[in-house]
Structure formats: C-alpha cells, structure tokens
2 protein chains.
Amino acid sequence: MESINTCNCEGCELKSLFFENVTTSEIESICTRKTEHEYSKGDIIIQEGEAIQDFIYLKTGLVKLYRSGNNGKEQIICFALPLDFVSLLSIFSEQKYNYSVAALEDSVTCNIRMEEVKSIASQNGKFTLSLIEKVNKATDRIILDFLEVKQKRLYGRIAYILLYFSKKIYNSKSFDLPVSRKEIAEYIGMTVENVIRSLSDLRKDGIIKIFGPNIEIVDEDRLLRISELS
Amino acid sequence: MESINTCNCEGCELKSLFFENVTTSEIESICTRKTEHEYSKGDIIIQEGEAIQDFIYLKTGLVKLYRSGNNGKEQIICFALPLDFVSLLSIFSEQKYNYSVAALEDSVTCNIRMEEVKSIASQNGKFTLSLIEKVNKATDRIILDFLEVKQKRLYGRIAYILLYFSKKIYNSKSFDLPVSRKEIAEYIGMTVENVIRSLSDLRKDGIIKIFGPNIEIVDEDRLLRISELS
DNA sequence: ATCAGGTGATGATAATTATCATAGAGAAGA
DNA sequence: TCTTCTCTATGATAATTATCATCACCTGAT
C-alpha cells in the first residue's frame with residue numbers, strides 16, 4: 001500500500017455526494033486532514049480484527065468484503081465499486097472490523113479519521129442523516145443480494161453472478177472476471193469444482209464464451225432465465 | 001391491530017435507550033405524538049411494499065422480518081426482540097418497505113412519524129449518531145447471522161437455530177418454539193420435510209425432547225458441536 | 001357435524017451438491 | 001532449471017438435500 005496526499009478535494013466528484021450537507025469550513029477541515037491510499041490488485045485494505053480508525057471510501061477500483069468462517073474457509077460478503085462505502089458494516093457500531101477488504105483491481109481509497117467524522121456528525125444532523133441513508137442503502141443491498149442468491153440453486157447462482165458482473169460492474173457483455181473461480185464459490189456458497197463445472201456447462205451450451213479470465217455472454221436471455229428459474 | 005395511546009413515556013424503559021441524546025422538549029414532542037399499537041400473535045405489522053411512514057420500534061413481543069421471494073416462497077430475514085428495531089432496513093434509504101413484519105407473539109409497537117424523527121435528526125447530530133449506531137448494529141447482526149447459517153449444512157443450521165432460540169430469545173433450555181417448522185425452513189433456507197426430519201433425528205439421538213411446540217435441549221454440548229461442525 | 005386446509009410426520013426416490021482423485025498450465029521461489 | 005503451489009478442469013463416487021406421496025391430527029369455516 002502506498003500513502004499519498006495529492007488529491008485535491010476541489011475536483012473530487014465524490015465530495016458532493018458524500019458531504020452534501022457539510023459547511024465549507026467543515027469540508028476544508030476534512031480535506032486537509034484526509035489521507036489517500038493506493039492499493040494494487042490483491043492488496044489487503046482492511047484486515048478483520050483491526051481497530052476501526054478511519055472512515056474509508058473507495059475513490060477508484062473494485063474491492064471485495066469478506067470474512068473467514070469457522071472452518072477456515074473465507075466467505076465473500078459483497079463486491080463494492082466507488083460510491084459504495086468500503087467502511088460499511090460495523091463502522092459505527094463496533095470497535096474492530098469484523099470483516100476484511102481486499103482490492104480486486106488497483107484501487108484508491110480516501111480515509112478520514114473516525115473522530116473527525118463523528119465530530120462533524122455530532123454537530124451536523126443533516127450530514128449524519130445523509131450518511132445514515134447511504135450506509136443503509138448499502139447494507140440493504142447486501143441483505144437483498146443474500147436473499148436473492150439464497151433462493152437459487154447452483155446454476156441460478158452462477159448465472160446471477162455473471163449477470164451481476166456484466167450489468168452492475170462492467171456494463172458490458174464481455175468482461176474479464178475480476179475474481180477467481182474460488183472467489184465466486186466463496187460468494188455463492190458452493191464448491192470451486194461446481195463453479196467450474198457450471199461455467200463449463202454454460203460454455204458447452206453456447207450461453208457464454210470463456211477465454212481464460214474473459215467471459216462473453218452470448219445468450220443473455222437464456223442466462224436470465226437460468227438465473228430466475230433457479 | 002389495535003391502536004392505543006395510553007403509554008406514558010415517563011416510565012418507558014426504552015426511552016432512554018433510544019433517545020439518550022434528545023432534549024426534554026424534543027422528548028415531550030415525541031411522546032405527545034407517538035402512537036402505540038397492539039398486535040396479536042400472527043398479525044402483520046408491516047406489509048412489504050407499503051409506504052414507510054412511521055419509525056417503529058418494538059416495545060414488547062417477538063416478531064419476524066420476511067419477504068416473498070421470486071417463486072412465491074417466503075424468506076425469513078431475522079427475528080427481533082424489543083430493543084431491536086423493527087424498522088431496520090430501508091427505513092432511511094427507501095420510500096417503501098422491501099420486507100414485511102409479523103408478530104410471532106403478542107406484541108406492542110411504538111410508532112413515531114418519520115418526519116418527526118428526521119426533523120429531530122437534522123437538528124440533533126448526537127441523536128442521529130446514536131441512531132446510526134443502533135441501526136448498524138442490528139443490520140450487522142443480520143449479515144453475520146446470514147454468513148453463519150450459510151456455512152453450515154442442514155443439521156448444523158437446525159442446531160444453530162435451536163441454540164439461538166434457547167440462548168438469545170428465551171434464555172432457557174426448555175421453550176415453546178414461536179415458529180412453525182415451515183418458518184424454520186424459511187429462515188435456514190431448507191425444505192420443511194428436512195427440518196422436521198432433522199428435529200426427529202435430534203430427538204431420536206436424545207439430544208432434544210419434543211412435546212408438541214415445546215423443545216427441551218437435553219444435551220447442549222452435543223448440539224453445540226453439531227452446530228459448529230456443520 | 002363435516003369438510004377443507006394447514007401442520008407435523010415418515011418413507012421412497014430423484015436431483016443436487018460435495019468430496020476425492022487426477023492432470024495440465026502457469027506463476028513464484030530456491 | 002527444477003520444484004512447488006495455485007488455479008482451472010474433468011470424472012467418478014458419495015453425501016446431502018429436494019421432491020413426491022401418504023397419513024394423522026388439529027382448527028376454522030360452512
């Protein structure tokens with residue numbers, strides 16, 4: 001991880017989104033004290049169990065939230081793009097992170113000391129209210145996605161995650177999978193072998209094409225039907 | 001549902017928990033305008049799709065949060081006791097509820113208009129901050145429980161939910177199940193038949209006793225091991 | 001009182017998923 | 001270079017779970 005501080009808040013398109021109800025002087029205070037961090041693909045941004053010190057949000061990149069289950073296996077909680085909070089869960093309710101965050105692509109975060117955020121929050125109700133809305137939207141999304149995946153079976157889950165990457169992350173029918181088969185398995189809660197098998201089957205049926213990490217969705221309608229019919 | 005308004009806030013033990021950072025005049029304003037509602041076991045408190053108008057919390061009773069999946073089947077999101085918010089998800093981020101709430105036991109809710117809460121929140125950062133903490137804690141709990149259940153298999157899930165009711169809800173090794181076998185199935189994401197079979201097996205193995213709705217945990221250690229070893 | 005419908009229960013069987021084994025390709029390290 | 005490790009891939013088999021059928025019991029409705 002590399003720590004830099006060259007970001008100018010004036011040009012930051014995220015500023016207005018996150019801090020719409022903050023006064024100019026409060027923003028100035030944030031901007032001078034915030035730190036920015038660069039991560040390479042694969043780097044760990046947050047380690048489960050660490051003390052929560054910063055309020056972190058993703059400026060650019062793609063990350064995964066995950067935690068290690070009882071049996072040593074990892075479980076992926078969700079994927080997050082910029083404008084989703086990285087510091088979603090536990091941020092206001094816990095002392096320590098109960099999940100980890102790692103970069104799936106080169107990423108940049110903007111960090112603000114929690115005390116700073118809490119100090120502004122305690123003085124500025126409108127800010128806190130807009131914060132609560134955004135945090136809630138993100139956790140709602142996680143829960144609804146969990147329920148969505150839960151009601152599907154193997155093939156439906158595979159179809160669902162392919163459509164998720166295609167539509168929500170890359171907005172294209174052809175994309176490089178940012179995760180390994182193993183990570184897909186950790187997200188949908190199935191074994192690697194079955195993930196690989198399902199992808200192979202989808203390829204054999206002419207629904208997708210696979211070139212190494214690249215996936216091309218050939219027959220989106222059928223993929224959609226598989227996703228919906230479990 | 002019956003609407004009453006006889007609750008006196010002075011004696012309300014929940015007041016200080018939820019509204020610790022609220023001024024006396026703000027509390028008075030809340031107390032005069034809040035409404036209280038009584039529900040019988042089985043009553044629906046919130047219907048999925050309804051407009052969110054009130055901030056609702058549970059005074060007494062036990063409820064379930066659930067939503068209807070694509071295939072018509074219902075999925076139970078979580079169970080909630082007093083001091084857990086009922087209006088957890090979507091409350092600050094959505095216009096309409098994306099889940100339903102029903103009473104598993106006779107329950108009483110205290111309702112406050114959302115505008116009232118938002119109005120206090122926008123003027124009182126400390127209040128909003130303590131609110132965000134509580135809402136986050138509850139949604140965190142849901143997500144962690146989801147992950148916990150997800151990594152277990154049928155027997156582990158059954159053991160887990162029995163221990164959950166025993167320890168978290170009733171604090172006793174003997175209790176009446178507040179939910180049907182079907183509802184357990186809807187929570188753990190398995191079929192009713194398999195839930196019933198698992199309970200029968202646990203009974204045959206002498207780990208629990210079943211008298212109609214009553215469950216008695218005989219061998220808690222073994223149940224714990226089953227829960228942990230999936 | 002009787003009927004319909006929901007719930008709990010159990011068995012037989014089918015479908016789904018996990019586990020184990022094996023193998024090639026590529027990456028990282030000695 | 002050679003070894004080791006991880007990832008992708010596939011097959012065979014075992015374990016797990018779902019589906020279907022049947023039945024008893026209870027409750028509410030007509």
Side-chain angles (χ1 to χ4, degrees), chain A residues 40-43 64 69 71-76 102 104 149-162 176-205 208-215 226-227 229-230, chain B residues 40-43 64 69 71-76 102 104 149-162 176-205 208-215 226-227 229-230:
Chain A
S40 302
K41 181 172 179 164
D43 285 353
K64 65 169 178 180
N71 43 18
K73 286 179 191 168
E74 283 178 358
Q75 296 179 290
I76 292 181
L104 294 175
V149 168
K150 198 175 186 178
Q151 71 184 350
K152 297 181 193 306
R153 290 205 302 283
L154 176 58
Y155 281 71
R157 293 183 187 183
I158 295 291
Y160 181 78
I161 197 173
L162 290 179
D176 284 356
L177 269 181
V179 292
S180 66
R181 313 287 194 261
K182 182 155 162 282
E183 286 171 308
I184 293 180
E186 286 167 356
Y187 180 67
I188 67 172
M190 302 266 163
T191 58
V192 201
E193 294 95 322
N194 279 328
V195 169
I196 291 171
R197 243 184 287 269
S198 306
L199 288 172
S200 297
D201 288 350
L202 288 174
R203 175 175 48 72
K204 285 171 194 159
D205 287 347
I208 63 172
K209 286 182 182 170
I210 306 177
F211 308 101
N214 184 269
I215 299 281
I226 292 171
S227 167
L229 299 178
S230 261
Chain B
S40 302
K41 182 173 177 162
D43 285 353
K64 64 169 179 178
N71 43 19
K73 287 179 188 167
E74 281 177 2
Q75 296 179 289
I76 291 181
L104 293 175
V149 168
K150 199 177 187 178
Q151 71 185 351
K152 296 180 194 306
R153 290 205 302 284
L154 175 57
Y155 280 71
R157 293 183 187 183
I158 295 291
Y160 181 79
I161 198 173
L162 290 179
D176 284 356
L177 268 181
V179 292
S180 66
R181 312 291 194 258
K182 183 155 162 282
E183 285 171 308
I184 292 180
E186 286 167 355
Y187 180 67
I188 66 172
M190 302 265 163
T191 57
V192 201
E193 293 95 324
N194 279 328
V195 169
I196 291 170
R197 242 184 287 269
S198 306
L199 288 171
S200 298
D201 289 349
L202 287 175
R203 175 175 47 71
K204 286 171 194 160
D205 287 346
I208 62 173
K209 286 182 182 171
I210 306 176
F211 308 101
N214 185 270
I215 300 282
I226 292 172
S227 167
L229 298 177
S230 261

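Bear in mind that the values here come from a model prediction, so they are computed numbers and not experimental data. Proteins get letters first, then strands, A, B, ... in listed order; numbering begins at 1 in each.
As rounded to whole Å, 14 Å separates atom C1' of C:dG6 from atom CD of B:Glu74. For the pair B:Asn214 CG and C:dG8 C1', the interatomic distance rounds to 16 Å; values are reported in whole Å. When the P atom of C:dT16 is taken as reference, atom CD1 of A:Ile158 falls 15 Å away, rounded to whole Å. Distance, B:Lys152 NZ to D:dA15 P: 22 Å, rounded to whole Å. As rounded to whole Å, 7 Å separates atom P of D:dA9 from atom CZ of A:Arg203. The CG-P distance, from A:Asp201 to C:dT17, rounds to 12 Å in whole Å. Atom CD1 of B:Ile210 is separated from atom P of C:dG8 by 11 Å (rounded to the nearest Å).
Looking at heavy atoms from C-beta onward, B:Val179 lies out of side-chain contact with B:Ile161 at the 4.5 angstrom threshold. Between B:Gln75 and A:Gln151 the shortest side-chain heavy-atom distance falls below 4.5 Å.
Residues satisfying the side-chain contact (heavy atoms from CB on, under 4.5 Å) criterion with A:Arg197, sequence neighbours excluded, are A:Glu193, A:Asn194. Listed by chain and number, the residues in a side-chain hydrogen bond (donor to acceptor under 3.5 Å, both in side chains) with B:Ser200 amount to none (sequence neighbours excluded). Shown here are the side-chain contact (heavy atoms from CB on, under 4.5 Å) partners of A:Leu229, two or more places apart in sequence or in another chain: there are none. Remark: B:Lys64 engages B:Glu183 in a side-chain hydrogen bond (donor to acceptor under 3.5 Å, both in side chains) (not counting sequence neighbours). Applying the salt bridge (charged side-chain N to carboxylate O under 4.0 Å, His left out) rule to A:Glu74 yields no partners; only residues at least two apart in sequence or on another chain are considered. Remark: B:Lys152 pairs with A:Asn70, B:Glu148, B:Arg157, B:Tyr160, B:Ser227, B:Ser230 by the side-chain contact (heavy atoms from CB on, under 4.5 Å) rule, at least two apart or across chains. Judged as a side-chain contact (heavy atoms from CB on, under 4.5 Å), and not counting sequence neighbours, the contacts of B:Lys209 are B:Phe211, B:Glu216, B:Val218. Residues passing the side-chain hydrogen bond (donor to acceptor under 3.5 Å, both in side chains) test with B:Asp205: none are found, sequence neighbours excluded.
A:Arg157 comes within contact range of no nucleotide atom at all, as no heavy-atom separation falls under 4.0 Å.
Taking CD1 from B:Ile158 and CD1 from B:Ile208, the interatomic distance works out to 9.0 Å, rounded to the nearest 0.5 Å.
Relative to the axis of its first five pairs, the axis of the last five pairs of the helix from C:dA1-D:dT30 to C:dA30-D:dT1 sits at 40°, rounded to 10 degrees.
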(message) Base contacts versus sugar-phosphate-only contacts with protein, heavy atoms under 4.0 Å: please encode nucleotides 22-27 of chain C as B, S and - from 5' to 3'.
(response) ------

(message) Can you build the contact string for nucleotides 18-26 of chain D? Use B for base contact, S for sugar-phosphate-only contact, and - for no protein heavy atom under 4.0 Å.
(response) BBB------

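Remark: A:Lys182 NZ is loosely packed, at most 12 non-hydrogen atoms of other residues, nucleotides or ligands lying under 6.0 Å away.
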(request) Test A:Ile226 against A:Leu202 for side chain to side chain contact (heavy atoms under 4.5 Å, CB included), laying out the working first. (result) CA-CA 10 Å; A:Ile226 292 171; A:Leu202 288 174; 3.8 Å; yes

Find every protein N or O atom lying less than 3.5 Å from an N or O atom of nucleotides 5-8 of chain D, and list the pairs.
residue	atom	partner	partner atom	Å
D:dT8	OP2	A:Arg181	N	3.1

